[in-house]
Amino acid sequence: MRHFRLWNVHNVAVVLSVTLYMCHIAGCISIHSAQRNLSRSVQEDAVFSVDVSSTGVPTIEWTFMSGAGSRSIGTWQPGGNINITADYSSRVRAYENGSMILMDLRLQDTGFYLLTVTEPAGSSKDVGFVLRVNEVLYEDLQYLSITGLALGVVAALLMLVTWLLHKACMKVKAWRLRKQMPENDETELQRLESQPGHQS
């Protein structure tokens, strides 16, 4: 009976040890991110902000996934070399904490972005981000410009009408003033007679 109890205690100890070890491995890598769903417009920049922490020096890898397949964006280690693939070399800025900025967005950049953090011991952790790139609607800009032009024309017409009404009012006032003035039908013009002067 005692042997059976000791065997159970031994098994429990082994299970607990394995569990604690697994929890320790899982807890070695920590990835914090405030926002994982991004929506941006074409030609804007997308900031994939994360904060990676681990007991060792991790390897950080970003991968892009879409319906057309997946491709690597870049791999680097904090304090080490940053290896960005040729497709993204001019548009990606990498940071030691694992963050990444994707610049000059295109419609094809819409998709799923996977961050994989791997420790030297082999343990790893993944975090996914969703990016939606919206097209700039130039039709809306044209509509706004046409509306602004139409409003400008209307304002000019109103100013012209106001000016014409002002001129008409001035003429009416002048006409009324002339009508109120007394008119003399007979006007006598007298000539000044020159008086003979003394001749020397």
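Numbering of residues begins at 1 and proceeds along the displayed sequence. No hydrogens, no waters, no symmetry mates; every other heavy atom, side chains included, goes into these values.
- A distance of 10.5 Å separates CD in Glu61 from CG in Asn83, rounded to the nearest 0.5 Å.
- In terms of heavy-atom proximity, Thr63 sits nearest to Ser70 at CG2-CB, 4.3 Å.
- Formation of a donor-acceptor pair under 3.5 Å by the Trp62 side chain with backbone atoms of Thr116 is not found in this model.
- From Met100, atom CE reaches atom CD1 of Ile84 across 8.0 Å, with rounding to the nearest 0.5 Å.
- The two atoms that bring Arg40 and Leu105 nearest to each other are CB-CD1, 3.4 Å, heavy atoms only.
- Taking hydrophobic clusters as Ile, Leu, Val, Met, Phe, Trp and Tyr residues chained together by side-chain heavy-atom distances below 4.5 Å, Trp76 shares a cluster with Val127.
- Contact between Ala94 and Ile82 at its shortest, heavy atoms only, is CB-CG2, 3.9 Å.
- Ser33 and Asp51 share no side-chain donor-acceptor pair at under 3.5 Å.
- Taking CG from Asn97 and CD1 from Ile31, the interatomic distance works out to 11.5 Å, rounded to the nearest 0.5 Å.
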Take Met103 and Val92, measure what side chain to side chain contact (heavy atoms under 4.5 Å, CB included) needs, and give me the verdict at the end. CA-CA 6 Å; Met103 300 173 285; Val92 167; over 6 Å; no
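- Between Arg36 atom CZ and Leu115 atom CG the span is 9.5 Å, to the nearest 0.5 Å.
- Side-chain atoms of Glu119 never come within 3.5 Å of backbone atoms of Val57 as a donor-acceptor pair (strictly under, hydrogens ignored).
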For the pair Tyr95 and Ile101, evaluate side chain to side chain contact (heavy atoms under 4.5 Å, CB included) and give the outcome as yes or no after the intermediate values. CA-CA 9 Å; Tyr95 296 89; Ile101 297 180; 3.4 Å; yes
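- Between the side chain of Asp45 and the backbone N or O of Asp104 there is at least one donor-acceptor pair closer than 3.5 Å.
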Please evaluate residues Val117 and Ser124 with respect to the criterion side chain to side chain contact (heavy atoms under 4.5 Å, CB included), reporting the C-alpha separation (whole Å), side-chain torsions for both, the decisive distance (0.1 Å), and the verdict. CA-CA 5 Å; Val117 180; Ser124 64; over 6 Å; no
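- Using a 4.5 Å cut-off between side-chain heavy atoms of Ile, Leu, Val, Met, Phe, Trp and Tyr, with links allowed through other members, Phe64 and Val42 fall into the same hydrophobic cluster.
- Checking side-chain atoms of Thr85 against main-chain N and O of Ile73 turns up a donor-acceptor pair under 3.5 Å.
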Given side chain to side chain contact (heavy atoms under 4.5 Å, CB included), test Leu114 with Met65 step by step and report yes or no. CA-CA 8 Å; Leu114 181 67; Met65 299 179 180; 3.7 Å; yes
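- Nearest heavy-atom pair across Gly56 and Pro58 is O-CD, 3.2 Å.
- In terms of hydrophobic clustering, with Ile, Leu, Val, Met, Phe, Trp and Tyr side chains grouped at heavy-atom distances under 4.5 Å, Leu151 and Leu158 are assigned to different clusters.
- Put simply, CG on Asn134 and CG on Leu107 are 8.5 Å apart, with the number rounded to the nearest 0.5 Å.
- Put simply, NZ on Lys125 and OG on Ser54 are 11.0 Å apart, with the number rounded to the nearest 0.5 Å.
- In summary, the aromatic rings of Phe48 and Tyr113 are positioned with their centroids under 6.0 Å apart.
- The salt bridge (Lys or Arg N to Asp or Glu O under 4.0 Å) analysis of residues 78-103, with sequence neighbours excluded, yields the pairs Arg91-Asp109.
- Side-chain polar atoms of Gln35 and Ser49 form no donor-acceptor pair below 3.5 angstrom.
- Across every non-hydrogen atom of Val133 and Ser41, the tightest pair is CG1-C, 4.1 Å.
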